[in-house]
Amino acid sequence: MSKGSITMRGKDSWRLKYDLPPHPVTGERQTRYATFKGTKRRAQDEIARLITLANGGVDLAPASLTVETYIDKWLEDTVKPSVRARTFEGYQNIVRRHLIPGLGRMPLRALTPMHIQSYYSDKAKSGLANQTIVHHHRLLFQALKHAHNARQIEFNPAGAVRPPKVEREEIVVLTRNELLILLSTLTGRRMHTMVLLAACTGMRRSEVLGLRWSDVDLETGHLTVNQQLEQTKEHGLRFEPPKTRSSRRRITLPQTVIDALRRWRVKQNEEHLRLGVGHDDKRLVFTRRDGEAYSPKAI
């Protein structure tokens, strides 16, 4: 069984000292310290609570471990190896721009549902959309769930907080007339075929920009989505496989798109011939005038 003691540090200030059970492999004991403010009786109650937790296998994070330090390490060690670079940058942006400024200085073990609810309220008042706050909640919940599973906190405080309700919005699509106006406006422009393909197939921007001529069969009128082009700060432009199994798919092309792709290929071949770039089926369908891939952010 764990043991503990309290030592007065000042008026109504106490240092709590307690041991964890022996390590199941090495047999070593570890000592934990905490600071408590209040009466001696309440300090005794707190050390008893901490000892009970320790005997139950809960090794609370040290009081010096802040939300900022913990969530940064969680991002690097747990999240980064398991998600795409672009996804990681999105998570990192939420953490660095929002969660750390709002909650980062709090000791991890002292974070409460009230702190989190106050954070969400402040974000809503600042004009942040409910859907964005829900993204913050999901990320924070997963980080604290990891801390709870590691027995560093008693419970996940984010689990006791309700994020704002998000009303489901209807997807707004172009009418047939609006699409015709758009394509008419783009006639003769470099992006015309690219937009036509996206509009007629529903392909994502990253999929359109990652499409190679080897993925297109103009004779049968089909294309296959085999890769996508992503851009991140850390890696720059990089080709990735489709995000999910269902994203790797075969698409039937309408004749309008087949004809447009034929015309585009002739024009692209002429451009590359002037640049001295040879024919290659692995070449991207849509490139800049110099033959290089587009930056997704530029489209």
Side-chain angles (χ1 to χ4, degrees), residues 84-87 89-90 93 129 131-132 169-244 246-299:
R84 293 175 181 268
R86 189 178 175 195
T87 301
E89 283 192 358
N93 183 60
Q131 182 64 67
T132 304
E169 295 184 6
E170 287 190 24
I171 296 175
V172 179
V173 297
L174 298 182
T175 65
R176 181 179 185 278
N177 189 53
E178 289 170 337
L179 181 57
L180 290 174
I181 292 172
L182 172 63
L183 294 173
S184 174
T185 304
L186 290 174
T187 298
R189 295 194 175 204
R190 193 170 188 81
M191 286 183 61
H192 180 271
T193 306
M194 188 188 306
V195 173
L196 176 65
L197 177 65
C200 292
T201 63
M203 291 174 66
R204 300 177 177 89
R205 175 181 60 176
S206 59
E207 295 171 342
V208 171
L209 296 181
L211 188 67
R212 297 162 297 192
W213 284 112
S214 59
D215 301 320
V216 181
D217 188 335
L218 294 178
E219 296 303 318
T220 63
H222 293 89
L223 67 79
T224 307
V225 178
N226 291 313
Q227 68 175 14
Q228 57 186 14
L229 180 61
E230 292 188 345
Q231 182 175 17
T232 63
K233 292 179 181 178
E234 182 176 358
H235 301 290
L237 295 177
R238 187 165 71 171
F239 294 100
E240 297 279 0
K243 197 167 187 179
T244 63
S246 61
S247 296
R248 190 187 294 271
R249 61 202 187 278
R250 190 168 185 255
I251 298 175
T252 301
L253 301 174
Q255 190 61 46
T256 304
V257 174
I258 295 173
D259 294 341
L261 285 172
R262 290 187 192 278
R263 291 193 297 270
W264 169 249
R265 188 166 196 176
V266 170
K267 181 177 181 179
Q268 187 187 60
N269 285 339
E270 291 173 350
E271 289 182 348
H272 289 183
L273 185 62
R274 288 195 294 269
L275 292 170
V277 178
H279 297 287
D280 182 4
D281 279 346
K282 296 295 183 182
R283 188 178 64 208
L284 295 174
V285 172
F286 300 106
T287 59
R288 301 182 324 203
R289 294 183 189 277
D290 61 4
E292 296 297 319
Y294 279 107
S295 161
K297 295 180 180 179
I299 303 300

Legend entry - Test side-chain contact (heavy atoms from CB on, under 4.5 Å) applied to Lys233 - qualifying residues, sequence neighbours left out: Glu89
Legend entry - Lys/Arg N to Asp/Glu carboxylate O, Glu219 vs Arg262, below 4.0 Å: yes
Inset, instruction - Could you grab the distance from atom CG of Leu196 to atom CG of Leu179, nearest 0.5 Å is fine? - result: 8.0 Å
Inset, instruction - Flag the pair His192 / Leu183 as yes when at least one side-chain heavy-atom distance between them is below 4.5 Å, and no otherwise. - result: yes
Inset, instruction - Rounded to the nearest 0.5 Å, what's the gap from NZ on Lys297 to CD on Gln231? Could you check? - result: 5.0 Å
Inset, instruction - Please round to the nearest 0.5 Å and tell me the distance separating atom OG1 of Thr185 and atom CE of Met191. - result: 12.0 Å
Inset, instruction - Please report the shortest heavy-atom distance between Leu237 and Ser295, naming the atom on each side. - result: CD2-CA, 4.0 Å
Inset, instruction - Measure the shortest side-chain to side-chain distance between Ile299 and Val208 over non-hydrogen atoms and say whether it is less than 4.5 angstrom. - result: no
Legend entry - Main-chain N/O of Gly210 paired with Gln227 side-chain donor or acceptor, under 3.5 Å: yes
Legend entry - Polar side-chain atom of Trp264 near backbone of Met194 as donor-acceptor pair, under 3.5 Å: no
Legend entry - Smallest separation among heavy atoms of Leu209 and Leu284, with atom names: O-CD2, 3.7 Å
Legend entry - Any donor-acceptor N/O pair, Arg205 side chain to Pro296 backbone, under 3.5 Å: yes
Legend entry - Separation between OG of Ser247 and CG of Asn226, rounded to the nearest 0.5 Å: 12.0 Å
Inset, instruction - Return yes if some donor-acceptor pair links the side-chain N/O of Asp259 with the main-chain N/O of Thr256 below 3.5 Å, else return no. - result: no
Legend entry - Contact check, side chains of Glu240 and Ser206, non-hydrogen atoms, under 4.5 Å: no
Legend entry - Among Arg265, Arg190, Arg288, salt bridge (charged side-chain N to carboxylate O under 4.0 Å, His left out) partner for Glu271: Arg190
Inset, instruction - Identify the heavy atoms of His272 and Gly291 that sit nearest to each other, and give their distance. - result: NE2-CA, 3.6 Å
Inset, instruction - Identify the heavy atoms of Ile258 and Gly221 that sit nearest to each other, and give their distance. - result: CD1-CA, 3.6 Å
Legend entry - Partners passing side-chain hydrogen bond (donor to acceptor under 3.5 Å, both in side chains) against Gln268 (at least two apart in sequence or in another chain): Trp213, Arg283, Thr287
Legend entry - Flag side-chain contact, heavy atom, 4.5 Å: Leu223 against Met203: yes
Inset, instruction - Evaluate the side-chain proximity of Arg204 to Val225: yes if any heavy-atom separation is below 4.5 Å, no if none is. - result: no
Legend entry - Test side-chain contact (heavy atoms from CB on, under 4.5 Å) applied to Phe286 and Thr193, step by step: CA-CA 9 Å; Phe286 300 106; Thr193 306; 4.0 Å; yes
Legend entry - Arg250 side chain vs His222 backbone, donor-acceptor pair below 3.5 Å: no
Inset, instruction - Please lay out, stage by stage, how Val216 and Val285 fare under the test side-chain contact (heavy atoms from CB on, under 4.5 Å). - result: CA-CA 9 Å; Val216 181; Val285 172; 4.1 Å; yes
Inset, instruction - May I ask you to test the Gln228-Glu207 pair for a side-chain heavy-atom distance under 4.5 Å? - result: yes
Inset, instruction - Measure from the side-chain N and O atoms of Arg263 to the backbone N and O of Leu261, and report whether any donor-acceptor pair falls under 3.5 Å. - result: no
